[in-house]
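Here the structure comes first, spelled out in structure tokens, and everything after it is commentary.
Order of the sequence lines fixes the chain letters, A, B, ..., with proteins taken first and strands second; residue numbering starts at 1 for each chain. All values below were derived from every heavy atom in this structure, side-chain atoms included, with hydrogens, water molecules and symmetry-related copies excluded.
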Amino acid sequence: MEEKRVVIEAKNLNKVYGEGEATTYALKDVSIKVYEHEFLVILGGSGSGKSTLLNMIGGMDKVDSGEILVNGNDIVKFNDRELTMYRRKEVGFVYQFFNLLNDITVFQNVTLTPGSDKKRALKLLREVGLLDKKDKFPRQLSGGQQQRVAIARALNKDSDILLCDEPTGALDDASGKAVLKLLEGIHNQGKTIVLVTHTKEIAQMADRIITMKNAKVVSDVINKNVIKAEEVEW
Amino acid sequence: MFKTLFKPFLKRFIGLFFSMAFVSMLSVGLLVAFTSSMTNLSTTYRDYKNKYGACDALITTNVGLRSSIEGLGVVEGVEAYDTRLTMDCFLKKSDDRTITARLFSYDKEMDHVFKRYVLKSGEVAPDKINVSIVRKYAENNGFNVGDTLRIGYASFYIPIHISEIIETPEAMFVRATDYIWSDSRDFGYIYLDQVEIDKVLARVVKEYTDNPEFKEIYEKLQETLGIELPDIEKLIEVGNRYSSFVFNQILVKSVRKYDQNKLMDNLKTFLNGKVEIKSAQKANEQLYQVYMSNAVKQLRVAATFLPAFFYLVTMVVIGLFLNQIITSMTKEIGIMMSVGIAGKEIRKLFFAFTLLMTFVASILGMGVAVGLNIYLTSIFRAAYSIPTIPFTLNPWVCVLSALSLIIVGQLSCLWSTAKIFKITPKDAMLNNESKRKKLPKWLDKFIDKAPMNIKLSTNSIAQNPRRFAVSTFSIFAAFTMIMVTGFFHTSKDELIGQTLNRRWCYDAQVYLTEVDQTNLIDELKKQPSVKEVEEGYFTYLKVTSGGNDFYLETLGVDSSDGPLVYIPDSKGKKEMAIPDKGIILSKNDAERLKVKVGETIKINDKDIEVKGVSEQYFHMIQYMSRKQMQELGIQYATTFLVNVENETEFLSFLSEKDAKCLTVFTASLKKDVNTVFRSVDVFVIILIAFALGMSFVILNIMSQNALMEQQRPISVMRAIGFRIINISNIWTIESFLQLLLSSLFAIPTSVGLSKILFFLASSKAQVYPFIFDWKVVVFGMLFVLAVIVASHMISMVTIRRWNLADNTRSRE
């Protein structure tokens, strides 16, 4: 098997919320690796720590202890400016609830990232099937359409890493499948995707599945029966 | 990115934009108006004074020849000087009522020392005696250019023709003292050119030759005196020749920055032996200059402190509003950060927003300033007789005020947006409902056991203590401002009440100008036009204390039990009795002399004990018994206080006695004091309106903020059957707490602030007493309560309009 490059490596991550009797461990000594071009799913129930882990990798939250190496750089040691540049250039993030800015148009949302390419934005909107909606506002779109805009925004940068936190969580089946299909297409183009979900069926799309429970990694297995997006039923 | 985001950002918060602009506009407007009108007043007064003959030294002498003081111009410190003749006379109005006037001569060629400010001029009739009359005198009596009046004494009057209406600095504050007249109520200044003085004398000659009565009076006088008087024709001839050269006043303009005391000493040394000096006043002793400098000082205090306070409050308000915007945009900020937009880029939006807002507010504020400036200037014109106080806004003040507002806005923005850097993108994108702050265990237990309303209310506060603190602060600020202005109003009322109503409880005070007027007093007591008379000894006593001499206005009366004498006690409240021996000092003078009750001072080289101190706010005067006065060598009554039954008959009686007395009616004094104080009421109303307006805006914003935070739980409560009135009870408890807390701090703060402001505004001649009045507190509380209730009602209307389905659904 070809040796794949590790693009993300998290080592001994710990994250605690609250104090005293109200202490909650969101991550307990978690270590994972993400390989280039792979489709990794982090599977777990509510409170397992999967979203927390993704937020750490995405530079969205601070770690209490541990290391996160992204392309060899430990982002835990980054200052605010470095983290901003990391989020701007190194990773794209897709959220469960889309997180578009409602006061600007679709096109403006996709080009929101500083330094993003307008031509590429139009191309991405065409690819996600929403070029005709580029001048609409998010509130004028359906949930599925909004999520596709969010994906276009996340891809409108030079990064090869896409992080997705329950991207289908707020969508109906049809919209959810459409989004999964889109992600599949993106993966096929060579992007590294890390997707967090609580749905086992969606996890079957992954090359590898890491399972979390009670803030710990309980398993890390290669998925031998990878299924296509259209085959996913939940 | 900035262009993309700024327009929708501005559009979304346009309501808040204009709320902030409104508050800022008021601050800028107030600052510019107060400062401009104050600056205009003091600058105009200074220029007016310099240009139009306000002199640095005014010396009143006996009548002398100008040649006798030749060489005065080279006395050290003297830049220029002029002499003039002044005398008091009667003036007959067209209705034959006699009023009084002071005549001054002037020399047109000496207009660099004395110059008239001509407001209105008419025909100069060569065959008539042309005079210039001061504007206030003309307005009070209905005189106009072209009118003919008569001036003179007793039954001898000559006609005069009004050719000009003018202003002079010395006419700004006129008080009738020292000379003989019957009615100082309508008293004013008339100016005559030297040429006109010659005409007066020529007229006197004509009257003499035509009027046998005049000749008879003069011959009788000669017989009575038993001496040979100069031939009247010779006298007039000499007078005619020398009329331009006699004087009884010297006006001196000093060399710039020359020491005024030294100037006075030099002048007195020079004049010693040449003329008899009756009085000598430096610039800061001349009545109108004292009056104006006090007025300017008080206005300066107001113009300094109040706008500074407004700016401080504006800075806080801008910060609050920005905080609210940031709170409502927390998620968007998180999204922006998550896609790699740096915190400082996000901050630029707020800086730009605030910059635009303060710019707009500055422009609008100038409009407010213009209107307010016009109003304040009209008040000043009425209160102080300066001919042309401009309505202009000082451009430098405008620019600096606008710049200050912009800086204040940017500083507020800097402070409010600091928290952008403290949140992580993940936290920012989480639920907008704030996390509940940790409370002490005992409070948690109390809340657990409390009824539902208190539980919800306390939870609301615990969820966002900052919002609670900010709302409480806005109530505190409004409450403090209302109370400070209320206390000032009370102080002013007390000052007026004590002075105008209690102490000046007589209609007139008659000053006797000759000694031993017992016959006059006896006659007066028998007059049907007089209700009550109280005799007194009035004089300026020379008091020595601590090695220094002071001249204190002192009244000696039989007893303060008489209806016309009221001496306030040391607290200014109750009446004080006059002791048989000793002196009662005014509190202000006691402090100046540095003496206390029980200590002694030297009066006319006698040791006199200070038996009491009287708190007087205005027109400070000392009191002692008649017996004590007599022991000090004052043997006769020199004044009496009168309550008048019939003013016309009273004046008519006094007119015959004009050679012997001067009358001052308290009505005219009260009118002058009231005019000045009326202008203070304007400030009071503006401040209260500003305080209430601002607190309403802030409270409303904070309430809306609270509603936003609590939108989901409130909607859930409504969905399960809570009525709006039940929900409003939660805020009622919170408002009650806010009112309680703000009162606890506002009351002592307003007391402290008031005391400081009153101290700064007070002077030697006038004190603003601090009086704690519970009515002010209650009044302030009611006003603030009204604002709280109004913002409550708006919140309830908002809740009523919510879509419960939308609000209870998941976040997106």
Seminar exercise, completed: Pair count under 4.5 Å, heavy atoms only, with chain A: among B:Thr4, B:Thr424, B:Val339, highest is B:Val339

For this session: Starting at CG of A:Leu162, measure out to CD1 of A:Ile193 and round the result to the nearest 0.5 Å.
Result: 5.5 Å

Problem set entry | Structural part of A:Arg81 lying under 4.5 Å from a heavy atom of chain B | neither

For this session: Below 4.5 Å from any heavy atom of chain A, which atoms of B:Ile341 appear? Answer side chain, backbone, both or neither.
Result: both

Exercise. In terms of side-chain geometry, is the basic nitrogen of A:Asp158 or A:Arg120 positioned less than 4.0 Å from the acidic oxygen of its partner?
Worked result: yes

Problem set entry | A:Ser65-A:Asn14 side chain donor-acceptor pair, cut-off 3.5 Å | yes

Problem set entry | Aromatic plane relationship, A:Tyr86 with A:Phe78 - under 30° parallel, 30 to 60° tilted, over 60° perpendicular | perpendicular

Problem set entry | Within 45° cone of A:Tyr25 ring axis and under 6.0 Å: A:Lys28 NZ or CZ | yes

Problem set entry | Contact class of A:Leu83 relative to chain B, heavy atoms under 4.5 angstrom | neither

Exercise. Where does A:Tyr95 contact chain B at under 4.5 Å (heavy atoms): side chain, backbone, both or neither?
Worked result: side chain

For this session: Please look at A:Lys89 and chain B and tell me whether the side chain, the backbone, both or neither of the residue comes under 4.5 angstrom of a heavy atom of that chain.
Result: neither

Problem set entry | Atom group of A:Asn55 that falls short of 4.5 Å from chain B, counting heavy atoms | side chain

Problem set entry | Pair A:Glu127 + A:Arg148, salt bridge at N-O below 4.0 Å | no

